[in-house]
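Structure first, then comments.
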Amino acid sequence: MTSPETVPVSLAEIARIAGVGRAAVSNWRRRHDSFPARIGGSDVKPQFALTEVEQWLRDNNKLDEAGGLELLWPRFETLAGRDEAGLAIAYAAHRMRGKGARTSSPLSPEARTLVTETVKLGKREGATHTFEFLLQRWLDAHVRQVSATPARLASLMTRIALRTRTGSGQGPLTVLDPACGSGHLLSAAVSERGPEPVELYGCDIDGALAELTEARLAFAGDGQDVRSRITTADSLREDPCPELRADIALCNPPFNERDWGYEELATDPRWVHGLPPRTEPELAWVQHLLAHLRPGGTAVVVLPPAVASRRAGRRVRGSLLRHGLLRAVVALPPGCAQPHSVSLQLWVLRAPDERADSGSGSGSGEDALLLVDASTHTGAGGRGPDWEAVESLALTSVGRLDDRAAELPHGAARVPLLDLLDDEVDVTPGRYVAARPEVRGKESAEHWGELGDALASLRELSRTFASLDSARPPGGGRQSTTTVGDLVKAGALALRPGAHPPESVEVFRDPREQSIPLLTVPDLLLDGPPGAWITGGEHQTIAEEGDVIVAGVVRAFDAWVHEGPPVALGAQLFALRVDPKMMDAHFLAGCLRAPANGRHAGTHASTSSRVDVRRLAVLQLPLEEQAPYSETFRRITSFERLLARSGSLGRSLARDLTDRLASGGLTAAD
């Protein structure tokens with residue numbers, strides 16, 4: 001396959017086409033005079049002609065046949081905008097399955113040619129693999145415009161819905177998503193439904209997304225008893241299937257959209273529980289889902305946390321509770337879906353089923369709402385959700401939704417409706433879910449024990465440092481010093497500055513395979529671990545275990561010996577690698593991090609002023625005399641860490657005691 005038009009590609013794209021790292025492509029460019037010349041971009045992020053790159057790779061035996069899809073994708077990026085690229089992918093999928101497109105949306109001649117070549121490549125690479133590759137690339141390229149429900153969240157929502165529904169129709173399982181996007185939720189329903197046949201109904205206002213969903217479901221249900229009907233429409237304004245009653249409904253609706261049809265839909269019969277305020281479009285989606293459930297059917301919807309407590313929506317929330325329709329609220333940790341910084345919620349709603357819900361939904365004092373707080377279940381370092389823990393807590397809790405005698409796991413609680421139906425009608429799980437007394441007591445005992453051990457260690461270290469401070473050497477303790485710059489010239493250490501990754505290097509917010517954490521000054525100011533990852537370290541300074549890292553900014557000035565796996569350093573961070581025959585790394589770090597040292601080497605123009613690392617002073621001592629200093633510097637570092645941990649533990653324990661005492665959970669001391 002060749003590419004007739006001039007399509008620009010970057011070094012990163014060339015690396016993907018050839019199946020190598022970016023460093024290899026950079027080496028080819030330096031070593032081979034025949035490598036294609038740059039046609040655009042910049043020196044930092046050059047661009048090359050795809051046809052020339054493809055020919056060069058073939059001539060030099062560096063192109064595997066598996067690179068066909070990588071060669072294909074850049075041409076989709078040159079089409080006239082996001083929609084045409086998406087439609088071209090969907091049309092190619094329909095043709096690979098021997099079907100025509102569902103709509104008559106015209107494609108440009110370039111797009112039609114690309115569809116034909118995609119179909120040919122699909123015969124060799126596999127139709128399903130080709131479509132999934134192109135769909136994922138399209139979603140990645142337009143991640144800011146297209147909000148997709150992550151696969152783990154889509155699976156969890158589907159499993160909750162299947163587990164909590166009580167009614168069932170006479171025909172196949174019917175699933176509805178009225179804001180289906182690119183079909184993640186409906187695709188999850190196909191995977192999770194079990195052996196029963198399924199009918200999928202979806203709708204999206206975006207025609208390209210609707211086409212992609214239709215194509216995706218055709219592949220997902222290949223060889224199975226799956227039927228789908230996807231419509232392009234505004235579900236709230238022009239419901240395409242008003243008579244449909246579904247077994248389960250799944251939805252990740254658009255958030256905070258004020259223009260949802262408030263005026264023209266004021267008398268719509270779907271608003272059984274009150275006209276949603278203009279500022280509460282999410283409650284319009286909730287009632288839309290309820291209107292499409294058959295008796296005993298369940299809806300699971302993703303909502304922002306403010307929907308659970310905003311004053312404007314309290315009347316609708318109250319009605320949902322009184323009628324027994326809102327059955328559970330699950331608070332998720334940040335990072336489960338866009339926006340990733342927000343702790344989203346899952347609302348579980350169920351239509352009344354007299355056979356299964358007899359005695360429930362009456363508003364009696366025995367009725368309760370299941371609240372599950374999984375918002376604290378984050379991964380290592382507090383980054384991203386711990387999906388195993390979230391799924392275990394959510395599924396175990398909703399599995400006991402109708403068994404009021406069953407004990408709930410830690411993190412879940414049944415809250416009587418009478419406690420919720422007040423002036424606020426706040427259904428935020430974190431407001432009501434607390435640790436069980438026995439669990440809290442065990443954790444408190446462990447924390448008190450840890451605090452006691454830390455205080456004992458601090459007491460011992462404080463006595464050591466007090467005696468050290470009083471034993472001043474003759475002459476006031478002043479000794480000769482040298483500078484980092486002089487030590488570099490003498491070969492005692494090597495100094496390497498960090499830098500911002502070049503534009504050709506991709507920066508990720510979540511770790512990827514073979515990625516390296518990227519440490520920056522903002523990470524240090526937030527007292528957190530690295531907040532980004534990069535692949536390939538050929539353009540970055542990498543600190544290895546045993547290197548001394550120095551933060552060369554006044555407000556974040558510090559120095560320490562790096563421990564653990566390699567880390568890439570951002571701007572204003574420096575790696576110093578010592579010659580162990582001439583210098584002890586912990587001795588060097590201890591000398592460098594002295595506050596007076598930073599003040600001496602800093603410019604003092606502002607809090608963002610830089611520190612001239614080469615001017616930092618280091619005691620001039622033979623290697624054998626550095627050892628006691630090194631050990632004392634280590635103890636000082638331990639002292640600081642113990643102080644920080646003790647302060648954190650003390651504040652946490654004090655808050656916990658105050659909470660428990662104020663709620664009557666403790667007896668006041670005499």
Side-chain angles (χ1 to χ4, degrees), residues 478-502 505 516-532 534 537-623 626 629-630 632-634 636-637 640:
R478 302 297 301 175
Q479 296 190 22
S480 59
T481 62
T482 185
T483 65
V484 168
D486 290 336
L487 290 171
V488 172
K489 292 178 182 178
L493 57 85
L495 172 64
R496 295 167 297 144
H500 293 298
V505 173
I516 301 174
L518 174 65
L519 182 67
T520 64
V521 169
D523 295 331
L524 299 178
L525 293 173
L526 294 173
D527 294 325
I534 61 173
E538 63 271 11
H539 301 288
Q540 294 295 126
T541 292
I542 306 298
E544 305 283 350
E545 186 167 13
D547 288 349
V548 176
I549 301 178
V550 181
V553 177
V554 170
R555 60 178 175 166
F557 175 69
D558 199 359
W560 66 95
V561 178
H562 177 61
E563 298 174 348
V567 60
L569 301 183
Q572 298 308 311
L573 294 177
F574 301 82
L576 283 69
R577 182 163 296 173
V578 304
D579 181 347
K581 297 179 181 179
M582 301 177 66
M583 182 161 290
D584 183 291
H586 288 277
F587 168 78
L588 174 64
C591 291
L592 296 181
R593 71 192 302 261
N597 208 2
R599 291 193 296 270
H600 174 73
T603 61
H604 309 295
S606 68
T607 57
S608 62
S609 300
R610 299 177 181 179
V611 173
D612 187 346
V613 176
R614 289 180 174 272
R615 291 175 55 197
L616 291 172
V618 182
L619 279 174
Q620 275 190 308
L621 291 175
L623 181 62
Q626 294 176 16
Y629 281 85
S630 176
T632 303
F633 282 138
R634 288 173 184 255
I636 293 173
T637 300
E640 290 178 322

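Quick caveat: nothing in here was measured; it's all calculated off a predicted structure.
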Requested in this report: Under the side chain to side chain contact (heavy atoms under 4.5 Å, CB included) rule, collect the residues that match up with Pro622, sequence neighbours excluded.
Outcome: Glu624, Glu625
Report task. Mind listing the closest non-hydrogen atom pair of Leu519 and Pro530 along with its distance? Result -> CD1-CG, 4.1 Å
Query raised in the report: Between Phe633 and Phe587, how do the two ring planes meet: parallel, tilted or perpendicular, split at 30° and 60°?
Result: tilted
Report task. Not counting sequence neighbours, which residues clear side-chain hydrogen bond (donor to acceptor under 3.5 Å, both in side chains) with Thr481? List them please. Result -> none
Show which side-chain atoms of residues 556-575 pair as donor or acceptor with protein atoms under 3.5 Å away, not counting sequence neighbours.
from: Asp558; atom 1: OD1; to: Arg593; atom 2: NE; distance (Å): 3.1
from: Asp558; atom 1: OD1; to: Arg593; atom 2: NH2; distance (Å): 3.4
from: His562; atom 1: NE2; to: Pro565; atom 2: O; distance (Å): 2.7

**Report entry** For Leu623 against Pro580, the heavy-atom pair lying closest together
**Finding:** CD2-O, 3.6 Å
Query - Selection residues 578-590 - residue pairs positive for side chain to side chain donor-acceptor pair (under 3.5 Å), sequence neighbours left out - result: Asp584-Ser630, His586-Arg634
Query raised in the report: Within the side chain of Gln626, is there an N or O that forms a donor-acceptor pair under 3.5 Å with the backbone of Leu621?
Result: yes
Please list, one pair per line, the donor and acceptor atoms closer than 3.5 Å that link side chains of residues 487-494 to other protein atoms, with sequence neighbours excluded.
none

Which donor-acceptor pairs under 3.5 Å do side chains of residues 546-553 form with protein atoms, sequence neighbours excluded?
from: Asp547; atom 1: OD1; to: Arg577; atom 2: NE; distance (Å): 2.9
from: Asp547; atom 1: OD2; to: Arg496; atom 2: NH2; distance (Å): 3.1
from: Asp547; atom 1: OD2; to: Glu544; atom 2: N; distance (Å): 2.9
from: Asp547; atom 1: OD2; to: Arg577; atom 2: NE; distance (Å): 3.4
from: Asp547; atom 1: OD2; to: Arg577; atom 2: NH2; distance (Å): 2.8

Query - Nearest heavy atoms of Val613 and Val484, plus distance in Å - result: O-CB, 3.3 Å
**Report entry** Non-hydrogen atoms of Leu592 and Ala617 that approach each other most closely
**Finding:** CD2-O, 4.2 Å
Query raised in the report: Of all residues at least two apart in sequence or in a different chain, which pass the side chain to side chain contact (heavy atoms under 4.5 Å, CB included) check with Thr520?
Result: Leu518, Pro522, Asp523
Requested in this report: State which residues pass side chain to side chain contact (heavy atoms under 4.5 Å, CB included) with Ala594; sequence neighbours excluded, sorted by chain then number.
Outcome: Asn597
Query raised in the report: How far does OG1 of Thr483 sit from CD of Gln620, to the nearest 0.5 angstrom?
Result: 9.0 Å
